[in-house]
Structure formats: structure tokens, C-alpha cells
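Notes follow once the structure below has been shown.
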Number of protein chains: 2
Amino acid sequence: MAKRISTQEKILNAAEALFAEQGFEQTSLRQITTEAEVNLASVNYHFGSKKSLIQAVMARYLEVFMPSLQTELEQLAATGNFTTREVFNCFRKPLSDMGQVRKHGPTLFLSLLGFAYAEIQGHLRRYTMEHFGDVIALLLETLHQANPQLSPVDMFWRLHFVLGATVFAQVSGPALREIAAADFGEAVAADQVIDRLIPFLAGGVDATTDTPVAQ
Amino acid sequence: MAKRISTQEKILNAAEALFAEQGFEQTSLRQITTEAEVNLASVNYHFGSKKSLIQAVMARYLEVFMPSLQTELEQLAATGNFTTREVFNCFRKPLSDMGQVRKHGPTLFLSLLGFAYAEIQGHLRRYTMEHFGDVIALLLETLHQANPQLSPVDMFWRLHFVLGATVFAQVSGPALREIAAADFGEAVAADQVIDRLIPFLAGGVDATTDTPVAQ
DNA sequence: ATGCATTTAAAACATGCGTTTTAATTTATA
DNA sequence: TATAAATTAAAACGCATGTTTTAAATGCAT
């Protein structure tokens, strides 16, 4: 006997899948409620507004992911000496952990994160900083320790490049994996993209800053 | 005497600025026609549809950018031996050239490119491949020559990570530059972001592929 | 200057959105 | 079981969108 799923959960489950696939703005409440097989008005009844629903979807992931990431980072920091790549490897366990909570959890979460930034959802950024600002700060600090030669400004920019590459890889992930499979006859599992990503990110962050004169 | 600007051009100019700022979907025809000081219906009269307008906006840039990039790549390839960073430097001149055609050209173009991918405008991808597929192929080939150790699959993925980081840097560029200026008291010009980006990208592409075991 | 084609203007159309309202129904409590 | 609260259902609201239609204005040949 499958345990009864509440209307809230039905909505959250349908919403997160559609959000990760299409983005927040592109997904309508009617799509969500149809998929969830609940009444249209129940979204506003249970969550108040679409904006609050988006926040609830993200919160469900962040509440699992952030503490887990914090643990990993603190564990690494305790070793005293580490590389950039090891810092990024701290993301592996928290991500795969979410796969046990919810199938396709890692992919969903990263896609959601991607759209959250791509669509410049100011309220999401605010929410994240408010609830998990200390984890973000820890991440920045740890990365800086691994790269003391980088100025704070340099690190700021590179970290956002990292975010961009990550987000993009997830958002266009399904389409890309399809093309890759067709062109190279090699299927790449969703959670293996991270294996390709981490070396790239670490290489980018570790790059020398000296700029050869163009032209 | 400023030369008379046609309705088409007024629309294109207003549209590209708004698209680059807000994205394609978020920008309404009413916004565009108000900004351009033309009638609402003139967009559909001159361009047929919003989708065609988006394509026209992109085409105006691509027709300048792509041939210029092709020239740079061919010039580099003729030298016989080159680094990844030199390949990415090939983007500098074509980008800055567009600044002479239109003020803020480089930033606008990269932002547009960003939204084109972020919003998964299938028709734009098709258009680009149809008209400039050979330049894309040349870029891939040149990058592969600079990195013969990378398999085609590896290069495929890394090139998309590159695209993601680039796109993201541009799309969230204005907001990021603002934060950077506030946090570090250092204003960064829009076209200087590329100076920070290229080392990162080259470092990422050049990274070793061996993956240390996680955990 | 006249007549025709092109372009602009104003209004309406059809559709989809998030949200609200009202009533019916289910659930829980006393 | 009776009553109150919580939830679901159905419909409509107000608004914004891209597009189309119809008429007026303009440009440009003859």
C-alpha cells in the first residue's frame, strides 16, 4: 500500500519536475495542477502564491543540501591542506545524497538552481542568503584557502563563471546528452556530467591570471 | 542632420536593447514599440511575428561576428602551433569590432547569445547552424588542434561548459558588476569581463581529465 | 495632380495567465 | 451524531500577451 500523498506534496512534486524542465516563468499553475491531478485553486490555498510555491520547492532541497555541504567543507578544512578540485569534490556527496531522497534529485536541484539564477529570482537569492549565508561564506573561504594567490575580486568572478558552467550543463543537460549520444554513440548518465564538470571547473579556477596581450 | 531612421531599424534597435536587458520572453512587443516610438502593429507588419523579430535581431549581429571570427581562426590556424588561450583570444577582435558598428555591441551580442541559449530558442540554434555551421565546425577543429589530448566527447562537453560560463557571465553581468563594485569598490567595465573570462575558460579546457576518486 | 501601393494608426480579438470568490464537500472535534 | 473547521471544486475576474483587422495617412510613380 503506497502511503497517501498530501495535496501539498503532489503539488511540490509536479512543480519541481516542471520547473526543472521548463523554468519557473515558463511553467504555469495550470500545468502544475493538471500534472498533480489537483484543483487549480489549491496552489494558492496551500502556498499563497506562485512565488511562494517556487520558494517552497527550492527550500525542500536546500534544507537537505546545505547542511550536508557544510559538513563536507568543514571536514576538508580540518585536513589543513587541499586543492581546488578537492573543494569541488565536496559537492559530490550532498548531491548524490539528494538522489536517495528523491529520484533525479541531483539533476532536478541543479536545474532548479540554474533557473533560479538565470531568471534572476531576487527573492530566491535573498532566501538562500538569509538561511544559508554562512555555508556560502564557508565555501568562499575554503576556495580562497585553496587559491590564496587569487584576489577576492578574481575569486568572485571565477566563482560565478563556475556557477554559470554548472547551471548551463544542467539546464541544457538532457538536450546535450542526447546530442552527445547521437554524435559519439556514447550515452552519458546525468550524474556523470558532474565527473566531466569538476575537472573543468577546477582548471578554470586554478588558471593563472596573467593576461597575454591580445592581437 | 541625423539621417532618417526607418521603422524597421527603430524596432530592431529598441528590441535588441530590451532583449539584452530582460531576455526574449520577458520583453513584450508593447515595450518594444513604445520604446521605439512606433505603432504596435508595425512589428507584425514588418517582421511577421515576434519570433522572426528575435531572429532578425540576432542575424544583424551574427552576420558581422561570424565572418570576422572565421578570419581570426584561419589566421591563427595558419601559424601551425597555438594554445587554447590563443584560440579564445580570437574572439576579442570580432567582439570589439561590433562595438564600432553599434555602441555596447559586444555586451549586447553576448547577452543576446546568452538568452538565446538560456531560453532554449530552438529556432535560433537552427538558424545559426544553418547559416554559420562551417564557422562553428572550424572553431571545434581549431580547439581540438590546441588540445589533441582531449577526446571529441571531452571537447564537446568542455565547449558547452565554456558556453555556459560565458553566457552566464553576460546574462548576470550587470547585476554581478554592481555587486562587485559594491563589495570590492572596484568598477569593472562590461567589456573587461572578457579579460577575466578567457583565462578561466582556457584553464578549464586545458585541465587534465584524470578524475581522482571522490570521498 | 491623380491613382496606386506602401506604410502607419487604432481598435478589437483570442488566448493564457495568476488570483479570487463562492459553494460544495470532506475531515475532525465535541 | 451534530457541528465547526479545513479542504476541494468550479467558475469567474482582471490583466497582459501576440496577433489580426479595418481604416487612415503617406509616398511615389505616371
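Proteins come first, then strands; the chains are lettered A, B, ... in the order of their sequence lines, and each starts at number 1.
Using a 30° and 60° split on the angle between ring planes, B:F65 and B:F109 fall in the tilted class, from 30° to 60°.
Backbone-only engagement by B:T27 is indicated by non-hydrogen atom pairs under 4.0 Å involving sugar-phosphate atoms exclusively.
Between the P atom of C:dC13 and the CG atom of B:L29 lies a distance of 20 Å, rounded to the nearest Å. C:dC17 atom P lies 11 Å from atom CD of A:Q26, rounded to whole Å. Whole-Å rounding puts the A:F47 CZ to D:dT8 C1' distance at 15 Å. Atom CD of A:E25 and atom P of D:dT17 are 13 Å apart (whole Å). Straight-line distance from the CD1 atom of A:I11 to the P atom of C:dT19: 13 Å, rounded to whole Å.
Closest approach of B:V162 to B:T166, counting heavy atoms only: O-OG1, 2.7 Å.
Scanning residues 31-45 of chain A for heavy-atom distances under 4.0 Å to DNA chain C yields A:L40, A:A41, A:N44.
With hydrogens and angles disregarded, a donor-acceptor distance shorter than 3.5 Å links the side chain of B:S6 to the backbone of B:E9. A donor-acceptor pair under 3.5 Å is absent between the side-chain atoms of A:K10 and the main chain of A:T33, judged by distance alone.
Put simply, A:T7 has no side-chain N or O that comes within less than 4.0 Å of OP1 or OP2 on D:dT7. At the phosphate of D:dA16, neither OP1 nor OP2 sits under 4.0 Å from any side-chain N or O atom of B:S28.
Ion pairing between a basic and an acidic side chain is recognised when a charged N comes within 4.0 Å of a carboxylate O; B:D97 and B:R92 show no such pairing. Classification of B:R60 and B:E16 as a salt-bridged pair holds, one side-chain N sitting under 4.0 Å from a carboxylate O.
The base of C:dG16 lies outside donor-acceptor range of the side chain of A:R30, with no N or O pair under 3.5 Å.
For the side-chain contact (heavy atoms from CB on, under 4.5 Å) test with B:V205, the passing option among B:T84, B:D154, B:L159, B:V87 is B:T84; the others fail. Screening A:L29, A:I11, A:V57 against A:F47 for a side-chain contact (heavy atoms from CB on, under 4.5 Å) leaves a single residue, A:I11.
From A:M155, atom CE reaches atom OG of A:S151 across 9.0 Å, with rounding to the nearest 0.5 Å.
Among the nucleotides D:dA12, C:dT8, D:dG18, the one closest to any side-chain atom of B:H46 is C:dT8.
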N/O contacts under 3.5 Å, protein versus nucleotides 22-24 of chain C?
none

